[in-house]
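All figures in this text were calculated on a predicted structure; none of them were measured in a lab.
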Amino acid sequence: MKSKSDVLNEKILLLKNTQATQLKLLTQQLDATYQSLRPINLLKTTLHEVATAPELKTTLINNAIGLAMGYLSKKIITGSSHNPMIKMGGLLLQFTIANIASKHPEAIKAAGKNIFKIFFGREDVEV
């Protein structure tokens with residue numbers, strides 16, 4: 001039969017082992033947290049989340065199409081004019097077309113398909 005001091009020593013040893021194990025786990029978690037909070041890792045994580053978000057990709061593409069259409073329409077209308085009123089009108093037209101095109105991308109895609117069909121006589125274009 002074990003004495004009370006032997007039982008107490010075993011419990012102390014068990015608690016010390018538990019404490020060492022918990023300290024090791026805590027140290028590992030602290031290191032993982034430190035690594036995840038480094039600026040380069042935060043940037044990588046954010047870029048990965050952005051790259052995998054389909055609705056964000058669609059929004060960016062739609063906005064890019066709108067901006068490009070607005071810019072092209074401004075260049076077509078104003079040309080190389082130095083008249084400030086024409087430039088102002090071209091800028092207003094650019095923002096208006098960019099706004100409309102980014103809000104209605106399906107109509108723009110349908111129009112693009114129709115134009116492609118007219119010029120190339122094919123209907124199998126994927127936009």
Side-chain angles (χ1 to χ4, degrees):
M1 187 163 166
K2 294 183 181 180
S3 68
K4 288 185 179 183
S5 65
D6 289 339
V7 171
L8 189 56
N9 285 336
E10 284 179 8
K11 286 185 179 184
I12 289 172
L13 185 61
L14 181 65
L15 286 173
K16 283 184 179 182
N17 288 339
T18 304
Q19 182 183 23
T21 303
Q22 288 177 345
L23 179 62
K24 184 177 178 181
L25 291 173
L26 183 62
T27 304
Q28 290 173 349
Q29 183 62 44
L30 180 64
D31 184 54
T33 302
Y34 171 75
Q35 292 299 325
S36 70
L37 291 177
R38 290 180 55 204
I40 189 73
N41 291 335
L42 285 173
L43 183 62
K44 284 179 185 178
T45 303
T46 303
L47 289 176
H48 178 70
E49 289 174 1
V50 166
T52 58
E55 65 277 350
L56 185 61
K57 285 182 189 178
T58 304
T59 303
L60 287 174
I61 290 171
N62 292 343
N63 287 337
I65 290 171
L67 289 173
M69 288 187 62
Y71 180 76
L72 288 174
S73 63
K74 176 186 170 194
K75 283 297 180 185
I76 290 170
I77 298 298
T78 62
S80 61
S81 174
H82 297 297
N83 185 340
M85 293 304 288
I86 292 177
K87 284 186 173 184
M88 183 73 72
L91 192 60
L92 181 62
L93 178 70
Q94 177 182 356
F95 286 126
T96 303
I97 289 178
N99 191 17
I100 291 170
S102 66
K103 288 183 180 177
H104 305 288
E106 295 305 318
I108 303 301
K109 288 178 185 177
K113 284 182 182 180
N114 289 335
I115 290 171
F116 188 83
K117 186 172 103 176
I118 290 169
F119 283 114
F120 298 106
R122 292 175 42 193
E123 295 186 24
D124 59 346
V125 65
E126 182 65 34
V127 179

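The two residues K2 and V7 make their nearest non-hydrogen contact at CB-CG2, 4.0 Å. The shortest heavy-atom contact between S81 and I86 is OG-CD1, 3.7 Å. Between I97 and S73, the shortest heavy-atom distance links the atoms CD1-OG, 3.3 Å. Closest heavy-atom contact between N63 and S102: OD1-CB, 3.3 Å. Contact between A101 and G66 at its shortest, heavy atoms only, is CB-CA, 3.6 Å.
In this structure, L92 CG and Q94 CD are separated by 10.0 Å, a value rounded to the nearest 0.5 Å. Rounding to the nearest 0.5 angstrom, the gap separating the OG1 atom in T45 from the CG atom in L37 is 9.5 Å. Note that CD of Q29 is 9.0 Å distant from CG of L25, once rounded to the nearest 0.5 Å. Distance check: R38 CZ to T33 OG1 gives 13.5 Å after rounding to the nearest 0.5 Å. In this structure, OG on S5 lies 10.0 Å from CD1 on I12, to the nearest 0.5 angstrom. Within the model, atoms CD of Q22 and CG of N17 stand 11.5 Å from one another, a figure rounded to the nearest 0.5 Å.
A single hydrophobic cluster is not seen to contain both I100 and L72; linkage of ILVMFWY side chains at heavy-atom distances under 4.5 Å, directly or through other members, places them apart. Hydrophobic clustering (side-chain heavy atoms under 4.5 Å, transitive across Ile, Leu, Val, Met, Phe, Trp, Tyr) keeps L93 apart from L67.
A distance-only check finds a donor-acceptor pair linking the side chain of N62 to the backbone of T58 [under 3.5 Å].
Open room surrounds CD on Q19; 12 or fewer heavy atoms of other groups in view lie less than 6.0 Å from it.
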